[in-house]
Amino acid sequence: MRFLYPLLALSALATPAALAQSAPSDSAAPLLASAAPVASTEAAAEPLGAPVGLNRALAPAATTKIRLTPSDPDKPSFLPVPIAFYQQETGFAGGVAILPVWRFGTDTTVRKSNARLIAWISQKKQTTVQLTHTIFTKEEKFFFSGELSYFDLAFKYYGRGNNTDEDVYSNIQYPLWVFDEKALVKVKPNLFVGLRYRLTDLGTVKLKEDGDDEATPGSYFTIPAEQRGGYTTSGVGPALLYDSRDNLLATYTGNFVDAHVLFAGKGLGSDYNFTRYMVDARHFNPLFGSNNTILAMQFLGQYHTGDVPFREWGGMGATLGGSLYNNAYLMRGIYEGRYRDRQFTTAQAEIRQKLFWRIDGAVFGAVGQVAPNLDDYTFDGLRYAGGAGIRFRFNRRDRLNIRLDYGVGSGGNSGIIFAVGEAF
């Protein structure tokens with residue numbers, strides 16, 4: 001999997017959170033924006049019959065509370081989270097994630113906006129800098145969502161298709177710039193329409209010789225030579241969003257449908273002419289009459305016509321999130337991009353269960369398939385993934401979770417994912 005973080009990061013986050021447990025356990029509980037201690041104004045009670053001076057000398061120090069987010073719900077939270085991990089492709093790596101959450105204005109019916117800045121660098125000189133955002137303006141009149149990212153990463157590339165061999169792959173690396181932006185206007189409550197623009201700029205795709213005796217160059221050379229030299233895609237098209245979720249970071253109830261058509265062409269500076277049709281539909285529903293148990297479901301379809309370069313194919317096991325998949329993690333348990341092709345369909349479901357303190361649990365499962373054409377789909381060609389995980393409610397006020405999942409999937413894959421926010 002793409003991100004493999006140690007539990008040390010979770011324990012480091014839990015330490016300051018534990019200090020804040022004198023706060024109420026509801027969603028308005030403070031979680032860190034300022035590390036400044038707040039002194040208690042209540043004087044210690046004087047035991048009867050004891051000298052006043054002695055009582056004062058023996059009295060405990062003033063109680064302090066560390067606030068992890070502002071207690072005022074209208075003030076933004078700004079949460080830095082350390083990143084540290086190791087995997088074969090990167091070696092040791094470290095960085096930071098910065099996660100502001102805020103609301104425009106004081107109208108609490110306006111849902112909060114959020115952004116995620118994730119940056120890290122690895123021992124093997126691989127880099128990720130990813131800025132994503134989801135913004136509701138005042139009165140939710142406008143909605144903006146997108147990303148600006150730079151990646152320079154190594155991958156195992158298994159080639160194209162739904163039946164690639166787990167033992168046949170090449171190690172490749174390339175730099176990639178992504179700019180993606182949706183600008184939508186509200187036409188009625190929860191319904192927005194507008195435009196989406198997406199630009200990707202792929203640098204030279206290199207075959208890496210890193211001492212992996214099992215890798216072969218065969219899959220690398222299935223990529224056309226002109227695409228291995230790098231290319232640009234640029235496309236624009238209409239977009240529609242219906243979003244009735246009560247909270248974007250960890251939804252209890254509501255529906256989400258994001259649909260768009262993207263026309264990429266040389267008139268927009270693209271090296272390839274193709275059209276993308278995409279729909280992302282999600283449903284969230286509390287079970288058993290409370291928010292302690294949540295059913296979450298998602299369907300995603302990504303379909304293409306025209307001359308689609310390899311990096312723009314649908315990729316099963318896409319764990320980088322980002323704006324293309326609305327920050328969703330798909331087919332957890334399958335290596336990122338393990339199966340790729342022009343058409344991609346997947347569905348997943350998850351049960352999220354409140355356990356104790358700030359700890360929640362989850363179990364999840366998913367199915368999916370890729371193919372050159374929709375009529376190439378077969379029941380036998382379905383690929384499967386599933387697993388379980390735990391959640392740490394880092395920011396109770398805004399429902400921002402730290403997530404640790406373990407998944408297994410088709411193609412001989414399994415892995416641990418440590419990430420910020422729910423999978424979808």
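A donor-acceptor pair under 3.5 Å is absent between the side-chain atoms of Ser122 and the main chain of Ala93, judged by distance alone. A donor-acceptor contact shorter than 3.5 Å links the side chain of Arg228 to the backbone of Ile223. No donor-acceptor pair closer than 3.5 Å links the side chain of Glu422 to the backbone N or O of Thr251. For the pair Thr137 (side chain) and Glu140 (backbone), a donor-acceptor distance under 3.5 Å is absent. In this structure, the side chain of Trp313 engages the main chain of Val308 through a donor-acceptor pair within 3.5 Å. When atom types are taken as modelled, the side chain of Asn326 and the backbone of Ala328 share no donor-acceptor pair closer than 3.5 angstrom. Counting only distance, with no hydrogens or angles, the side chain of Arg103 and the backbone of Val110 share a donor-acceptor pair below 3.5 Å. A donor-acceptor pair under 3.5 Å links the side-chain atoms of Tyr220 to the main chain of Val205, judged by distance alone. With hydrogens and angles ignored, the 3.5 Å screen pairs no side-chain donor or acceptor of Asn401 with any backbone N or O of Arg403.
Every residue two or more places apart in sequence or in another chain that forms a ring pair (Phe, Tyr, Trp, His ring centres under 6.0 Å) with Tyr158 is listed here: Tyr169. Taking Phe104 as the reference, Trp102, Ser113, Ile135, Lys138 meet the side-chain contact (heavy atoms from CB on, under 4.5 Å) condition, with sequence neighbours excluded. With sequence neighbours left out, Tyr377 forms a side chain to side chain donor-acceptor pair (under 3.5 Å) with Thr345. Under the salt bridge (Lys or Arg N to Asp or Glu O under 4.0 Å) criterion, Arg338 pairs with no residue at all, not counting sequence neighbours. Annotation: salt bridge (Lys or Arg N to Asp or Glu O under 4.0 Å) contacts of Glu181 (sequence neighbours excluded): none. Applying the ring pair (Phe, Tyr, Trp, His ring centres under 6.0 Å) test to Phe284 and every residue at least two apart in sequence or in another chain returns nothing. For Asp360, the salt bridge (Lys or Arg N to Asp or Glu O under 4.0 Å) criterion is met by Arg393, not counting sequence neighbours. Here Leu355 pairs with Gln353, Ile359 under the side-chain contact (heavy atoms from CB on, under 4.5 Å) rule; sequence neighbours left out. The ring pair (Phe, Tyr, Trp, His ring centres under 6.0 Å) search around Tyr252 returns none, not counting sequence neighbours. The salt bridge (Lys or Arg N to Asp or Glu O under 4.0 Å) test applied to Arg160 returns Asp341, not counting sequence neighbours.
By the neighbour-count criterion of 12 heavy atoms within 6.0 Å, atom CD of Glu139 is sparsely surrounded, having that number or fewer from other residues, nucleotides or ligands. Within a 6.0 Å sphere centred on CZ of Phe92, other residues, nucleotides and ligands contribute 12 heavy atoms or fewer.
A cation-pi geometry, defined here as NZ or CZ lying under 6.0 Å from the six-membered ring centre and within 45° of its normal, holds between Arg332 and Phe364.
The closest side-chain heavy-atom distance from Thr346 to Gln348 is not below 4.5 Å. Within the 4.5 Å cutoff, the side chain of Ile417 has heavy atoms near those of the Tyr329 side chain.
Between the side chains of Thr128 and Gln130, no donor-acceptor pair is found at a separation under 3.5 Å. The closest side-chain donor-acceptor pair between Thr200 and Thr233 falls under 3.5 angstrom. Between the side chains of Asp152 and Thr127, no donor N or O sits under 3.5 Å from an acceptor N or O. Residues Lys208 and Gln173 have side chains that bring a donor and an acceptor to within less than 3.5 angstrom of each other. Judged purely by distance below 3.5 Å, without hydrogens or angles, the side chains of Tyr339 and Gln369 never pair a donor atom with an acceptor atom.
Between Tyr150 and Trp177, the angle of the ring planes lies from 30° to 60°, which puts this pair in the tilted group.
Of the inter-residue distances, the one linking Thr253 atom OG1 with Asn285 atom CG reads 6.0 Å to the nearest 0.5 angstrom. Interatomic distance, CZ of Phe288 versus CG of Asn291, reported as 13.0 Å (0.5 Å rounding).
Annotation for Asp405 and Arg391: closest pair OD1-NH1, 2.7 Å, computed over non-hydrogen atoms. When all heavy atoms are compared, the tightest approach of Val96 to Pro80 is CG2-CB, 4.4 Å. Looking at every heavy atom in both residues, Arg198 comes nearest to Ser323 through NH1-OG, 3.7 Å.
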Discussion item. side-chain contact (heavy atoms from CB on, under 4.5 Å) for Leu287 and Ile351? Distances and angles first, verdict last.
Written reply: CA-CA 9 Å; Leu287 301 179; Ile351 298 290; 4.0 Å; yes

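Aromatic ring centroids of Tyr303 and Phe344 lie 6.0 Å or more apart.
Leu184 pairs in a side-chain contact (heavy atoms from CB on, under 4.5 Å) with only one of the listed residues (Phe143, Phe144, Phe142), which is Phe143.
Residues Glu166 and Lys156 are not paired through a salt bridge, judged by the lack of any N-O separation under 4.0 Å between the basic side chain and the carboxylate.
Contacts classified as salt bridge (charged side-chain N to carboxylate O under 4.0 Å, His left out) and involving residues 244-273 (residues at least two apart or in different chains) are given here: Lys182-Asp258, Arg196-Asp258, Asp243-Arg245, Asp246-Arg399. The salt bridge (charged side-chain N to carboxylate O under 4.0 Å, His left out) contacts involving residues 365-387 comprise nothing, where partners must be two or more places apart or lie in separate chains.
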